[in-house]
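Computed over heavy atoms, backbone and side chain alike; hydrogens, waters and symmetry mates excluded. Computed from a prediction, not measured in an experiment: that's the story for all the values here. Protein chains get the first letters and strands the later ones, always in sequence-line order, with residue 1 at the start of each.
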There are 2 protein chains.
Amino acid sequence: MNFVFNERDGCAKCPIRHRAVCARCDEDELSVLEGMKSYKTFAQGEPIIWRGDDMHHISSVVAGIASLSRTLEDGRTQVVGLLLPSDFIGRPGRETVDFDVTAVTEVTLCRFQRKQFETLVTDVPHISQRVMEMALDELNAAREWMVLLGRKTAREKIATFIEMVVRRDTVPVHTGQAHTLPLTREEIANFLGLTLETVSRQLSSMKKEGVLTFSDRRKFTVLNLAALQEATGDDADGGVII
Amino acid sequence: MNFVFNERDGCAKCPIRHRAVCARCDEDELSVLEGMKSYKTFAQGEPIIWRGDDMHHISSVVAGIASLSRTLEDGRTQVVGLLLPSDFIGRPGRETVDFDVTAVTEVTLCRFQRKQFETLVTDVPHISQRVMEMALDELNAAREWMVLLGRKTAREKIATFIEMVVRRDTVPVHTGQAHTLPLTREEIANFLGLTLETVSRQLSSMKKEGVLTFSDRRKFTVLNLAALQEATGDDADGGVII
DNA sequence: ATGTATCTTTGATCTAGGTCAAGTTCGTCA
DNA sequence: TGACGAACTTGACCTAGATCAAAGATACAT
């Protein structure tokens, strides 16, 4: 049941059909998009677009992971978001890009000319409604991350990150499952507002305490999920009254 | 030329008419909104809604400033956004609220029943288009703030904050103008991911260095704008190629 | 006017996490 | 199969900003 993306299949078989900017579109709308889209693949580590560049396309990530980041003049870098399949890149209504976008793994994008996409936004309500919804979700995620960056300790940051990775790819029920860190220690550090040494030390100490075990630098298994969640510093509930 | 908001005036004379969620609406659409809206005012310091509460309304700030924040169990607080006139509160499509919303100054909201607003989002494209646009702008601002929280020094954080306050209420040309900090030292600290003591010390040192001068705890004038901008740690240009 | 609470400043000290510096592991390519 | 480089770990030390503590300011209520 493993989706292998194939450009020739068309939108109907697209793995992100029901989650991307096109999610709310009906068959007719989809056939319009079909005629406008094009694919492009970027190798691992390759820059997709730089801050300040002209934005010629609005794209959706079809496969792979990209990062959004900003680097200050002296080299300090902050990753402000990870773009997973179905996430979009670009801002209709803006001429240039505000953050650097880089392929963290090999990335395939489904792209639309920005000008054409802007006409879709005004002419096809299903598009603006879906982009609105996605932007509001991203906004929420960004604000949650602001709490982490501004107020959490190194340990809480790492625990939150690991828990996020686990939550994102856990197959229901199947516990004791192996997971893969999608980022290097340095990339994790830039995402969490830490140094790579601190990331390494915190991971080592969680290993020593028996919360996690690593089979390899990138592959790990959670041994004590309760301890992991406790270490995130978040409420167990999402603010819901019990 | 000072707008005094008056509920009786109706949408046409509303001070946020051209910037809020209704900005793109035509006269007919506006008259629909007119029949659905209601106003509510909150006193300075009063909570507007708590994280986890049922979201009965979607609102726009008409006057005043509100804060969006999250507090961890042990009391650490992070302000994740300031809501100024025209900014909206609430997320169409969600049942509950994700952050605490508090009136920083006296705040007047223009409110819509959430359920009714959700029908507007599906029936009136001008609404979803405008909310999309605003959400994308907010997302950008949140990401910029993530860079500040994750990578900037205390001095850079304060300089960025002051510069933001100045930019937001500068009358063109008029330099040497007096500005007012909208927040207490503690609120500034919670917005910047610092302690109130560090905020106070950094402000004192910028005063000592002649970058700013205070006429009062809240009122200040910028004496050296170049030094202030230099201290933010940002590129002077917005990544634009010169 | 005066007392009280809130906000702010400043000083002294402490510490989490950064910086600097070796090593170690692992994957790749000859 | 070995050697090179990238990624990672660990240790020693340092510092920016937190914490703890004590005075000043300011505003507000009586």
Side-chain angles (χ1 to χ4, degrees), chain A residues 43-46 67 72 74-78 102 104-105 148-162 180-209 212-220 231 233, chain B residues 43-46 72 74-78 102 104-106 148-162 180-209 212-220 231 233:
Chain A
Q44 180 171 101
E46 199 181 342
S67 72
L72 304 178
D74 63 357
R76 283 172 288 171
T77 298
Q78 180 65 47
T102 312
V104 168
T105 63
L148 174 143
L149 292 173
R151 290 301 185 208
K152 288 191 177 183
T153 64
R155 173 144 238 262
E156 290 169 334
K157 287 176 173 181
I158 294 287
T160 304
F161 175 71
I162 297 286
T180 302
L181 293 176
L183 306 176
T184 65
R185 301 292 185 267
E186 186 178 25
E187 288 163 339
I188 296 171
N190 288 338
F191 194 25
L192 298 176
L194 296 171
T195 59
L196 68 94
E197 293 93 330
T198 298
V199 170
S200 179
R201 277 187 250 270
Q202 292 295 334
L203 287 174
S204 296
S205 91
M206 297 189 90
K207 200 166 60 182
K208 207 172 301 170
E209 292 164 30
L212 303 173
T213 180
F214 281 81
S215 65
D216 148 324
R217 304 203 251 197
R218 295 290 196 99
K219 294 203 187 69
F220 69 96
Chain B
Q44 180 170 103
E46 198 181 344
L72 303 178
D74 63 355
R76 283 173 288 171
T77 297
Q78 179 64 47
T102 312
V104 169
T105 63
E106 181 179 277
L148 174 143
L149 292 172
R151 290 301 187 210
K152 288 191 176 182
T153 63
R155 175 143 234 264
E156 289 169 336
K157 288 176 173 181
I158 294 287
T160 304
F161 175 71
I162 297 286
T180 302
L181 292 176
L183 306 176
T184 65
R185 301 293 185 265
E186 186 178 25
E187 289 163 338
I188 296 171
N190 288 337
F191 194 27
L192 298 177
L194 296 171
T195 59
L196 68 94
E197 293 94 332
T198 298
V199 170
S200 179
R201 277 187 249 272
Q202 292 295 336
L203 287 174
S204 296
S205 91
M206 296 188 91
K207 200 166 60 181
K208 206 171 301 169
E209 292 164 30
L212 303 173
T213 181
F214 281 81
S215 66
D216 155 318
R217 308 203 249 195
R218 296 291 195 98
K219 295 205 188 69
F220 69 95

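- In this structure, the nucleotide among D/dT10, D/dA18, C/dT8 sitting nearest to the side chain of B/L196 is C/dT8.
- Nucleic acid contact class of B/R185 (heavy atoms, under 4.0 Å, all strands): sugar-phosphate only.
- Separating the CZ atom of A/F220 from the P atom of D/dT9 is a distance of 13 Å, rounded to the nearest angstrom.
- The distance between atom NZ of A/K219 and atom C1' of C/dC26, rounded to the nearest whole Å, is 12 Å.
- Between A/L196 and A/T184, every side-chain heavy-atom pair lies at or beyond the 4.5 Å cut-off.
- Within the 4.0 angstrom heavy-atom criterion, only backbone atoms of the sugar-phosphate kind lie near A/S204; the bases stay farther away.
- Residues B/F161 and B/L181 are in side-chain contact: their nearest non-hydrogen atoms beyond the backbone lie under 4.5 Å apart.
- Checked by distance alone, A/R217 brings no side-chain donor or acceptor within 3.5 Å of a matching partner on the base of C/dG27.
- Atom CG in A/L194 sits about 16 Å away from atom C1' in D/dC8, given to the nearest Å.
- Residue contacts shown for B/G193 are limited to sugar-phosphate atoms, with no base heavy atom under 4.0 Å away.
- Interface remark: the B/R201 side chain does form a donor-acceptor pair with the C/dG11 base, using a distance-only criterion of under 3.5 Å.
- Both B/L183 and A/Q202 lie close to DNA chain C; mapped to their nearest nucleotides by heavy-atom distance, the more 5′-ward contact belongs to B/L183.
- Under the 4.5 Å side-chain criterion, counting only non-hydrogen atoms from C-beta, A/N190 is not in contact with A/L183.
- Counting atom types as modelled, B/E197 pairs a side-chain N or O with a base atom of D/dC20 as donor and acceptor under 3.5 Å.
- Atom CG of A/N190 and atom C1' of D/dA7 are 14 Å apart (whole Å).
- A straight line from CG of B/L192 to P of D/dA16 spans 18 Å, rounded to a whole angstrom.
- Atom CG of B/L181 and atom P of C/dC7 are 15 Å apart (whole Å).
- The base of C/dT19 has none of its N or O atoms less than 3.5 Å from a complementary donor or acceptor on the side chain of A/R76.
- Put simply, the side chain of B/R217 never gets that close to the backbone of B/R185: no donor and acceptor are under 3.5 Å apart.
- Side-chain contact check for B/L149 versus B/Q78: some heavy-atom pair is nearer than 4.5 Å.
- Counting only heavy atoms from C-beta outward, the side chains of B/F214 and B/L203 approach each other to under 4.5 Å.
- Residue A/R218 is in sugar-phosphate contact alone, with no base atom involved, counting any heavy-atom pair closer than 4.0 Å across all strands shown.
- Summarising the geometry, the separation between CG on B/L149 and P on D/dG17 is reported as 13 Å, rounded to the nearest angstrom.
- The CD atom of B/E186 sits 15 Å away from the C1' atom of D/dT19 (whole-angstrom rounding).
- In terms of phosphate contacts, A/T198 brings a side-chain nitrogen or oxygen within less than 4.0 Å of OP1 or OP2 of C/dG18.
- As judged by a 4.0 angstrom heavy-atom cut-off over every strand, B/T184 is placed among residues touching the sugar-phosphate backbone only.
- Residue A/L203 is out of contact with every strand shown, counting any heavy-atom pair closer than 4.0 Å.
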